[in-house]
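The structure appears right after this line, and notes come after that.
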Amino acid sequence: MGTRRLTLLRHGTAQAIDACAEDFERALTRRGTIEAREIAMCIVQRDLIPDLILVSPSERTWATAEIIADACELDAKQVQCARELYLATPETTWRLLAKRDANLAHIMICGHNPGLSQLASRFGPKPQRRELPTAGIVTAVWHDAHWGTLEPETATSCEAD
């Protein structure tokens, strides 16, 4: 057992829905790229470098995760596609954690709203509504825990940016 940290990262601003034939293919806008770079620097400055990034397979989430991984100097095996994260519910996102290796202390999930904000709103002993902006993060910590036994409400601390 040990300390576990989960960071939820919403992708940066993406092209308008009507700009692409498929929602899945929406790319980051120039603003979205800037947002992702800014949060990447914040992640590095706050030493929130994850051991693993699980990423929705959409274009906008992959682009966001690549910017983060580059800033954090992660290698390719530390960034993994999780198809279930595409427009995932909080329950689907949470189930992915239970399967993670006990050696991982910090996992980042790069995905979509409303699911990420709904999950973030459950963190801590006094859950509160949290609305993740584009390229926004929330990070929660659990002490003496295993990934498979965590519950959002048992997080000992939660910070948003």
Side-chain angles (χ1 to χ4, degrees), residues 4-101 104-123 129-142 147 150 152 155 158-161:
R4 300 288 178 248
R5 178 182 296 273
L6 173 63
T7 299
L8 304 178
L9 166 66
R10 183 177 173 200
H11 63 77
T13 300
Q15 294 173 320
I17 292 172
D18 59 357
C20 293
E22 297 288 332
D23 176 69
F24 191 81
E25 297 172 353
R26 291 172 49 216
L28 289 180
T29 62
R30 183 176 182 278
R31 176 179 168 206
T33 300
I34 292 167
E35 291 169 341
R37 287 181 182 145
E38 288 174 350
I39 199 65
M41 290 300 98
C42 179
I43 288 166
V44 171
Q45 289 168 354
R46 290 176 55 197
D47 196 26
L48 291 176
I49 297 169
D51 300 315
L52 174 68
I53 303 177
L54 296 173
V55 189
S56 162
S58 76
E59 175 66 30
R60 59 195 180 272
T61 50
W62 266 104
T64 301
E66 286 177 339
I67 291 168
I68 303 302
D70 185 52
C72 294
E73 300 180 356
L74 301 180
D75 62 42
K77 70 180 182 214
Q78 292 175 281
V79 182
Q80 297 176 6
C81 178
R83 294 192 183 282
E84 308 97 297
L85 288 175
Y86 180 65
L87 304 178
T89 65
E91 294 75 22
T92 299
T93 301
W94 198 254
R95 278 193 300 269
L96 286 175
L97 292 177
K99 304 172 189 174
R100 296 303 129 198
D101 189 304
L104 299 171
H106 182 185
I107 295 174
M108 178 178 285
I109 293 180
C110 183
H112 310 269
N113 262 354
L116 288 183
S117 288
Q118 291 168 348
L119 180 54
S121 295
R122 297 180 186 174
F123 288 154
R129 183 176 167 89
R130 293 184 175 89
E131 201 58 45
L132 284 173
T134 52
I137 63 169
V138 63
T139 188
V141 175
W142 293 260
W147 290 113
L150 297 182
C158 180
E159 298 175 35
D161 216 344

Sorted by first residue and then second, give each salt bridge (Lys or Arg N to Asp or Glu O under 4.0 Å) pair with at least one member in residues 31-43; sequence neighbours left out. Arg31-Glu35
Approximate separation, where rounding is to 0.5 Å, of Leu74 CG and Ile49 CD1: 7.5 Å
When you look at Cys72 and Val44, which way does the side chain to side chain contact (heavy atoms under 4.5 Å, CB included) test go after all the steps? CA-CA 6 Å; Cys72 294; Val44 171; 4.1 Å; yes
Any side-chain heavy-atom pair from Ile43 and Met108 closer than 4.5 angstrom? yes
From His11 atom NE2 to Glu59 atom CD, the distance as rounded to the nearest 0.5 Å: 12.0 Å
For the residue pair Phe123 and Trp94, categorise the inter-ring angle as parallel (less than 30°), tilted (30 to 60°) or perpendicular (more than 60°). tilted
Any donor-acceptor pair under 3.5 Å linking the side chain of Arg26 with the backbone of Glu22? no
Tell me whether Ser121 contacts the main-chain N or O of Arg130 through its side chain, where contact means a donor paired with an acceptor under 3.5 Å. yes
Nearest 0.5 Å, what's the CD-CZ distance between Glu131 and Arg129? 5.0 Å
Within the structure provided, determine whether Val55 and Tyr86 are in side-chain contact (heavy-atom separation under 4.5 Å). no
I'd like to know if Glu159 pairs up with Arg46 as an ion pair, taking the criterion as any Lys NZ or Arg NE/NH1/NH2 lying under 4.0 Å from an Asp or Glu carboxylate oxygen. yes
With distance as the sole test, does Thr93 use its side chain to make a donor-acceptor pair with the main-chain N or O of Thr89 at under 3.5 Å? yes
Do Asp51 side-chain atoms and Leu104 backbone N/O form a donor-acceptor pair below 3.5 Å? no
